[in-house]
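Below is one structure, written out as structure tokens; comments come after it.
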Amino acid sequence: CEAARETRAPVVRHLARGTTPPDRASLGRDLRDAIGKGELFLQYQPKLHLRRQVVSGVEALIRWRHPVRGLVMPGDFIALAEESQDIVDLTVWTIQQVIKDQRVLAARGHDIPVFVNISGVLLSDARFVRRACALIQSSGVKIGFEITETAVIRDPQSAIGHLKRFADIGIVIAIDDYGAGLSSLAYLKQLPASELKIDKLFVTQLTSSNRDPLIVRSTIDLAHAMEMEVVAEGVETASALALLSVMGCDVAQGFLISRPIDLPILLEFLARDQARVFVSAPAKLLNL
Ligand code: C2E
Ligand code: MG
Ligand code: MG
Ligand code: MG
């Protein structure tokens, strides 16, 4: 009976998520136990502040070391976790892990915020919001949340209220994947966000496209007018980084600077003070 239900699953959905329907069902069952079994782990990707020439924060990205399938990326299991409510435990685990790791960073002199991606469904979950606030407030560590605008559109009143509670206790709010979803300026102006992350869709081909630079530049101006810092994600080339600097982009993130890496590698990266290398190289490229 379950197999029959699986074969009727809509084609578009399993194509979009990169797994076949039986795959999805069994992955979903495995995910339930993955947290307890210690199969989930975090990697960190630095956020490079261009003017200050420092790593101003890092983003936590979840991965799953599956005993049979090997490494499973979030694109293949976050949606499953959202459908099954496992997203609550997964995110609470992530926040706990990030609190531990941020303490390690701070002890090494890198007291920078660690950003956690928060699924939209959680923004209207009052129990989750209370748990997250309690964990973070009692820890006293610097944490940021990355949320997408689509998350807010689902249930704007409760989402905006909860985001204000997060901001009130010092959590930095970043709007993720800006421009890729159903962007609504009406919500944008109400969000207590201090960072706007331009989706990599507009950044990866920045220097080979005619329109992307126009979109990026106007988004930077819009964000600055609202007193937000702009983060470009998906920075893969020195020329893109150079153009972003000239356009006044505040923060860059992407494979050029660093792929998502394990905590020990992040500590090495920060100790080598890599930030300056990336900021000065493109400046030379442009003769600045
Ligand atoms: P995101 O938050 O927008 O994260 C950016 C994604 O782009 C990451 O993929 C990252 O590895 C990738 N990326 C970074 N730099 C570059 C680049 O220069 N070029 C290209 N092409 N890609 C780059 P990843 O780790 O597979 O994560 C995918 C998405 O899964 C994330 O998108 C986020 O929405 C979600 N996610 C990851 N971890 C969590 C989590 O703990 N909780 C929740 N709810 N979602 C998560
Ligand atoms: Mg993110
Ligand atoms: Mg993003
Ligand atoms: Mg994304």
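Counting starts at 1 for both ligands and their atoms, following the listed order. These numbers come from a predicted model, not from an experiment.
Applying the 4.0 Å criterion to heavy atoms of Q45 picks out, from ligand 1, the atoms 14 (C), 15 (N).
The distance criterion of under 3.5 Å between nitrogen or oxygen atoms is not met by T204 with respect to ligand 1. Of the polar atoms of E82, none of the N or O atoms is found under 3.5 Å from an N or O of ligand 1, judged by distance alone. In terms of polar-atom proximity, P74 is not counted as a contact of ligand 1, lacking any N or O under 3.5 Å from an N or O of the ligand. The distance criterion of under 3.5 Å between nitrogen or oxygen atoms is not met by I87 with respect to ligand 1. Residue S119 has at least one nitrogen or oxygen atom sitting less than 3.5 Å from a nitrogen or oxygen atom of ligand 1, judged on distance alone. Between D176 and ligand 1, a contact under 3.5 Å exists for at least one N or O pair.
No hydrogens or angles considered: a donor-acceptor pair under 3.5 Å links the side chains of R69 and S26. If you check the side chains of Q43 and R63, you find a donor sitting under 3.5 Å from an acceptor. A donor-acceptor pair shorter than 3.5 Å can be found between the side chains of E82 and S119. H49 and E229 share a donor-acceptor pair across their side chains, judged by distance under 3.5 Å alone. Between the side chains of Y44 and D262, no donor-acceptor pair of N or O atoms lies under 3.5 Å.
The Mg ion (ligand 2) has E59 among its coordinating residues (N/O/S atom, backbone or side chain, under 2.8 Å). Under 2.8 Å from the Mg ion (ligand 3) lies an N/O/S atom of D177, whether from backbone or side chain. In summary, no N, O or S atom of E146 is located under 2.8 Å from the Mg ion (ligand 3).
Sorted by first then second residue, the ring-ring contact (aromatic ring centres under 6.0 Å, His included) pairs that include residues 154-193, not counting sequence neighbours, are F145-F166.
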Next on the checklist: Would L123 and L163 count as a side-chain contact (heavy atoms from CB on, under 4.5 Å) here? Give the steps.
Outcome noted: CA-CA 7 Å; L123 289 186; L163 284 173; 4.1 Å; yes

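Among the heteroatoms counted here (N, O or S) of D176, OD2 is the one nearest to the Mg ion (ligand 2).
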